[in-house]
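Let me begin by presenting the structure, written as structure tokens, before commenting on it.
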Amino acid sequence: MYGSIRFSPSLRFRTLLPTNPRDQSRDLFVPPGILSISSSNITKSVNFRGKIDNVIRVTKHEGSIKELNEDDDDDHAPVSIPLTPIGSESQFDRVIAEAQQLDVSVIIVWMASWCRKCIYLKPKLEKLAADYHPRLRFYNVDVNAVPHKLVTRAGVMKMPTIQLWKDGKKQAEVIGGHKSYLVINEVREMIRNENNNLQQK
């Protein structure tokens, strides 16, 4: 279990972790980054405000500091998840059918390679996908790579368009023609409203 606390860009504190039998405490300067403190039965992570320069672990029994690689932190959630591409109408139908069978919603992002707003929005949507992983999957469709009848069938008129599908039908959509952070907020609201509707049923 990890928790995080914001501090100033640097912090000087007194650690009670001995570096040798004669030295029961010492001052330790921690640069901006993440301090992960481990004991025999608990591990806590502290995030420091500012650029993350390094990651260190203080181990109670060893009283030593060593670099902590991302691979060592199995509980660390992904920062972003790539949108799964849909390249054909049959694949689209399969995704929608599987979601209906599992009784879950999916997010379909309709984009175009020539759409500058799509390019700016995509990495933000990938971060959003990580927030809802694994209960909600995000897909993207390049409108130039699929039959036009699929685009028409989905009712897509502008790019980017972010749709929520459930029970084989489009339930809601967001047209991403404005600033990215506003689009993300609207997508979050769309997902929240769908969750509220499910709870009321």
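L125 and I175 are assigned to two separate hydrophobic clusters, defined by single-linkage of ILVMFWY side chains at heavy-atom distances under 4.5 Å. Under the 4.5 Å side-chain contact rule for hydrophobic residues, W165 and L136 do not share a cluster. Hydrophobic clustering (side-chain heavy atoms under 4.5 Å, transitive across Ile, Leu, Val, Met, Phe, Trp, Tyr) keeps Y139 apart from V174. Cluster membership check: L83 shares its hydrophobic cluster with M190, using side-chain heavy-atom separations under 4.5 Å among Ile, Leu, Val, Met, Phe, Trp and Tyr. By the rule that hydrophobic residues join a cluster once side-chain heavy atoms approach within less than 4.5 Å of another member, V151 and M159 end up as members of one cluster.
In this structure, the side chain of K124 does not engage the main chain of I184 through any donor-acceptor pair within 3.5 Å. In terms of modelled atom types and a separation under 3.5 Å, the side chain of D142 and the main chain of N144 share a donor-acceptor contact.
With contacts defined as side-chain heavy-atom distances shorter than 4.5 Å, the pair K170/L164 does not qualify.
A pairwise comparison of heavy atoms in K117 and P160 identifies CB-CD, 4.2 Å as the closest pair. Shortest non-hydrogen contact noted between I119 and S113 is CD1-O, 3.9 Å. For the pair G176 and V183, the tightest heavy-atom approach, listed with the atom from each and the gap, is CA-CG2, 3.6 Å.
Atom CG of N140 sits about 11.0 Å away from atom CD1 of I162, to the nearest 0.5 Å. A distance of 10.5 Å separates CD in E173 from CH2 in W110, rounded to the nearest 0.5 Å. Considering CG of N196 and CD1 of I191, their distance stands at 12.0 Å, rounded to 0.5 Å. To the nearest 0.5 Å, atom NE2 of residue H133 and atom OG of residue S80 are 11.5 Å apart. Here the straight-line distance linking atom CG of L121 with atom CD of E126 works out to 10.0 Å at 0.5 Å rounding. Of the inter-residue distances, the one linking M157 atom CE with T152 atom OG1 reads 8.5 Å to the nearest 0.5 angstrom.
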Could you list the donor-acceptor pairs under 3.5 angstrom formed by side chains in residues 85-109, with sequence neighbours left out?
residue, atom, partner, partner atom, Å
S88, OG, S90, OG, 3.1
S88, OG, Q91, N, 3.1
E89, OE2, R153, NH1, 3.0
Q91, OE1, G87, N, 2.8
Q91, NE2, P85, O, 3.0
D93, OD1, R153, NH1, 3.0
D93, OD1, R153, NH2, 2.5
D103, OD1, K166, NZ, 2.7

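In terms of the side chain to side chain donor-acceptor pair (under 3.5 Å) criterion, residue partners of T84 (sequence neighbours excluded) are, by chain and number, R137. Considering only residues two or more places apart in sequence or on other chains, R116 meets the salt bridge (Lys or Arg N to Asp or Glu O under 4.0 Å) condition with none of them.
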